[in-house]
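Working notes for the structure below.
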Amino acid sequence: MQRAKISAEFSKNNLLVSSEGFEKIIKEKIDVAKVILAAKEKNVWLVTDEFLQEFVVEPPKEEKEEKVEIIRKGRDIPAKDIEADIKIDTDSDVTGKSTSEGVIENFVEYFNQKYTELARILRGRPNLRDATLIKNVSDAAPVSVIGMVLAKRESKRGFRFLDIEDPSGQLTVLISQDKDHLVRIYDSTVTDEVIGVSGRMHKDLLIAEEIMQPDIPVNHKPNTAEEDVCLACLSDMHVGSYLFLEKEFNSFLKWLAGDGNRNDLSGRIKYITIAGDLVDGIGIYPNQEYDLALPDIYKQYDMLGRFLERIPDYIEVIIAPGNHDAVRRAEPEPQLPRDICAPLYDLSNVHMVGNPARVKLHGVDTLVYHGDSMDSLISGIGTLSYSKPETAMIEYLKRRHLAPVYNDIAPETKDYMVIKEVPDIFHCGHVHANGYTIYRGVHVINSGTWQGQTKYQERQGHMPTPARLPVMNLENHEVTVLHFGG
Ligand SMILES: [Fe+2]
């Protein structure tokens, strides 16, 4: 409205407008008709700046776009700010190096390798330093030999015999029934393991005075990280099985992202090792198709990929295969194949390793092995059971070998199953039961499973311990097992 017109309107209605009021009407574009009506109703003759205030129309507020960040109150994520320090030992990984053709020469070479490596470790013991070859043993003096166990047997009179062999020949060791400690060792001896024996020859028999396993030093001092970070151990998810515990695994992933309690641990997790059986696979055992929710190996890894992509990317994930995965059945097994497992290779924080594998995390030497050979170990040693996998894992360390009993091992020119160096952490899966112990300074961890009880396990009377997550602090070596079960 023009100034003259405004002025004329007020004067026509016998109203005066203050000069500030006039300016306000112009500036705020006040509706003059409304002002005149109100002034008449209120018997106001002077329209002031103050009177006009109620007619000022506030402009609508502009919408401001603001990115909303959901900050979990009080949650510290130290692992996010700590740089990853991960060294994968490629020498101990068979990937791309398999030369085995399964011919007799390969087997001869494999057993020679196994013997040589384990004999070298045994010779480190003072009383085996001068161990002689079997062909050189004589009746004259005390003698020590190192041999691979071919067979064990007992006589009706209670004598126990071990037939052993080295590259030069064979020998029978006699264990007298009155030597309790030797009887105990005999009971836990399995075929194909390499032992040292000291004793005296009597006719064709070596009368054992002492039997020694390679073992690890009594006081192994494990390496510790300088940073306050944690390792979480997973295995045996069996994605694709209708018994895969999706709800519980989801709880674990949500916990990693900050939900729930023990945020002091979730925020420190920098590494996850997965010791095989990521998916249930196809054709692993007879009639498996009846146990599968996803009867397609590609879809199984695809589904797994969709779970693992939810792991925060500052956490490094080290993946080894197991006997249900898409790799050869014979150990040592190479890394998962890129074509079938593309969704896993697409994840920037995933590191593929073979089975077994060796990886240093902030200097803490970790041996990851699925544990396929635990079946033969448990059936070969009466004191072992599926419910206490950590005790079976100790037997690997005593023998410094991941397949003491020969069973479905691919005979490579190098024996990848020898535990040459003593690890700080030994992580296995396979038996679907959690277990944790410390053996001579080595943290022995079995990460259990994320699969419910199978019919086979039910028939065997084996009770799995699903949805339990061992978490180990690499700085102070404290181990906590978290339950994600309902
Ligand atoms: Fe498994």
Side-chain angles (χ1 to χ4, degrees), residues 232-246 248-249 252 272-295 297 300-301 303-304 307-308 318-333 335-336 340-341 344 353-357 368-379 384-390 392-393 396 402-403 407-408 426-436 445-470 484-485:
C233 299
L234 288 178
S235 65
D236 300 85
M237 288 92 86
H238 290 264
V239 171
S241 156
Y242 76 88
L243 290 166
F244 165 54
L245 299 174
E246 190 173 339
E248 287 79 357
F249 201 66
F252 156 63
I272 296 176
T273 44
I274 309 183
D277 280 6
L278 291 93
V279 300
D280 206 43
I282 305 284
I284 306 295
Y285 56 86
N287 300 321
Q288 190 193 8
E289 58 272 24
Y290 299 114
D291 297 339
L292 291 175
L294 270 179
I297 192 74
Q300 290 180 6
Y301 283 108
M303 186 177 176
L304 175 73
F307 282 112
L308 297 191
I318 297 116
I319 296 180
N323 59 299
H324 277 252
D325 287 298
V327 288
R328 72 178 182 190
R329 182 62 206 261
E331 292 176 338
E333 290 160 334
Q335 296 164 15
L336 289 166
I340 298 175
C341 304
L344 307 183
V353 293
N355 172 43
V368 181
Y369 169 54
H370 177 61
D372 212 8
S373 69
M374 230 177 293
D375 296 323
S376 52
L377 208 49
I378 290 171
S379 70
L384 300 182
S385 77
Y386 279 96
S387 61
K388 291 231 168 254
E390 69 277 17
M393 289 168 67
Y396 287 130
L402 296 169
N407 190 20
D408 277 341
F426 181 24
H427 171 204
C428 285
H430 188 60
V431 294
H432 293 209
N434 282 80
Y436 170 64
I445 298 172
N446 196 298
S447 48
T449 184
W450 295 80
Q451 185 188 34
Q453 190 187 37
T454 63
K455 286 195 191 86
Y456 176 76
Q457 289 164 346
E458 198 182 324
R459 281 197 299 274
Q460 299 289 310
H462 175 47
M463 207 56 180
T465 57
R468 293 179 193 193
L469 180 79
F484 290 88

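Keep in mind it's a predicted model, so treat the numbers as computed, not measured. As the structure lists them, so they are numbered: ligands from 1, and atoms in each ligand from 1.
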| Aromatic plane relationship, F484 with W450 - under 30° parallel, 30 to 60° tilted, over 60° perpendicular | tilted

| task | Determine whether the side chains of Y369 and E331 contain a donor N or O and an acceptor N or O closer than 3.5 Å. | result | yes

| query | Under 3.5 Å, is there a donor-acceptor pair between the D280 and Y242 side chains? | reply | no

| request: Would you indicate whether the side-chain heavy atoms of D291 and Y285 approach each other to under 4.5 Å? | output: yes

| Do the side chains of V239 and L278 get nearer than 4.5 Å, heavy atoms only? | no

| task | May I ask you to list the protein N, O or S atoms found at less than 2.8 Å from the Fe ion (ligand 1)? | result | D236 OD2, H238 NE2, D277 OD2, H432 NE2

| query | Name the one of H462, Q453, H238 that satisfies side-chain hydrogen bond (donor to acceptor under 3.5 Å, both in side chains) with H432? | reply | H238

